[in-house]
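Scroll down for the structure; my scribbles are underneath it.
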2 protein chains.
Amino acid sequence: MSIDRRSHTPVYRQLANLIREGIRSGQYPAGGFLPSEATLAQEYGVGRDAVRKALALLRAEGRVTTERGERSRVRPELERVEIQLSAGDAVIGRMPDEPERGRLGLDEGVPIFEIHHRDGTIEVLPADRTKLTVPA
Amino acid sequence: MSIDRRSHTPVYRQLANLIREGIRSGQYPAGGFLPSEATLAQEYGVGRDAVRKALALLRAEGRVTTERGERSRVRPELERVEIQLSAGDAVIGRMPDEPERGRLGLDEGVPIFEIHHRDGTIEVLPADRTKLTVPA
DNA sequence: TACTATTTGTTCGTATGTATA
DNA sequence: GTATACATACGAACAAATAGT
């Protein structure tokens, strides 16, 4: 599979699909580095802008992380801590805004759980390392 | 408050903060349209690129939606349907990837709940219109 | 129907800043 | 100190969708 210039799907979205598939298939192993933006651009025959936009999409999906000066990395699946919910709890999910994301030290593309306890307190948990369970 | 060119915080992030605050304060009412990109660029004295990046941040947070040919809109808080969890259920939260997001008809910046039932079935729900509850 | 104006989307180009190796 | 690599920012041109005339 490669980039189809005549497709109505934008180049950077096609590229994101290709890279995502490469991650799923193991071509780009979890925890490992992706090729540099320049390399990806050359390998797939697209501009650097398309590469950066594709990576931005994958970051927003929580699939890759990028740090300045380093090649992007495939985000490994994290161990999830089991949190037991209690009777009367209510849970909503949402994305943190940027300041909140910074405070909580979360990567891009990581949702949060808000657990509303019966006593009115609200517990905020990162959804990428949490599994909520309902006791029997 | 306005853009500080000497700040280390990038212009587009400062602008996202300003618009987010404008949404929170009611200057940009929920469900209403934001000014056009060109207008925002002129009003805040930044390039269109900075405006588009700021809007992209807010979209990824689920705060605004954008459709081609139309000005961006402040995403209203949706009514949440209450879903009762059952004993033995487990819940994780994650972002959908792009194809999945299209299939489910979700806006950007909307996480999904995966409810793993005791019988092995998995229920996928949009987190922006769902509230999970634990029965007493 | 047809046309125009507005608006967002995509792509490329260029330059500069900053972190890492 | 140099080279590599990612981040930010501006501008320009054109495509595509929308709304109204």
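Per chain, numbering begins at 1; letters A, B, ... match sequence-line order.
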Is A:Y12 near enough to C:dT11 that one of its side-chain N or O atoms lies under 4.0 angstrom from OP1 or OP2?
no

Say whether, by atom type as modelled, one donor and one acceptor occur between the side chain of A:R101 and the main chain of A:L106 under 3.5 angstrom.
yes

Side-chain donor/acceptor of A:R13 to base of C:dG9, under 3.5 Å:
no

Take the protein atom CD of A:E37 and the nucleotide atom P of D:dA3, then report the distance between them rounded to whole Å.
21 Å

Assign B:G47 to base, sugar-phosphate, or nothing according to its heavy-atom contacts below 4.0 angstrom with the strands shown.
sugar-phosphate

If you assign each of B:R48 and B:K53 to its closest nucleotide in DNA chain D, which residue comes earlier from the 5' end?
B:K53

Length of the CG-P vector between B:D49 and C:dT14, whole Å
16 Å

Answer for the Watson-Crick or wobble partner of C:dT11, both distances under 3.5 Å, is D:dA12

Check the distance between C:dT8's P and B:L34's CG and give it to me in whole angstrom.
9 Å

Out of C:dT7, C:dT10, D:dA17, which nucleotide sits closest to the side chain of B:R68?
D:dA17

Could you state the NE2-C1' distance from B:H8 to D:dT8, rounded to the nearest angstrom?
15 Å

Given atom CD of A:E70 and atom C1' of C:dT20, what is their separation to the nearest angstrom?
7 Å

Give A:R71 one of three labels, base, sugar-phosphate or nothing, depending on what nucleic acid heavy atoms sit under 4.0 Å from its own.
sugar-phosphate

Taking atom C1' of D:dC6 as reference, at what distance in whole Å does atom CG of A:L40 sit?
13 Å

What nucleotide, of C:dG9, D:dA7, D:dA9, holds the atom closest to the side chain of A:T66?
D:dA7

Round to a whole Å and report the spacing from CG of B:L15 to C1' of D:dC10.
15 Å

Is any side-chain N or O of B:R52 closer than 4.0 Å to OP1 or OP2 of C:dG9?
yes

Lys/Arg-Asp/Glu bridge criterion (N-O < 4.0 Å) met for A:R94, A:E114:
yes

Ion pair present between B:R63 and B:D107, side-chain N to carboxylate O less than 4.0 angstrom?
no

Between D:dA7 (P) and A:E98 (CD): distance, integer Å:
13 Å

Minimum-distance nucleotide to B:R5 side chain [options: D:dA9, D:dA7, C:dT11]
D:dA9

Closer than 4.0 angstrom, basic N to acidic O: yes or no for B:R75 and B:D128?
yes

Charged N to carboxylate O under 4.0 angstrom, B:E61 versus B:R20?
yes

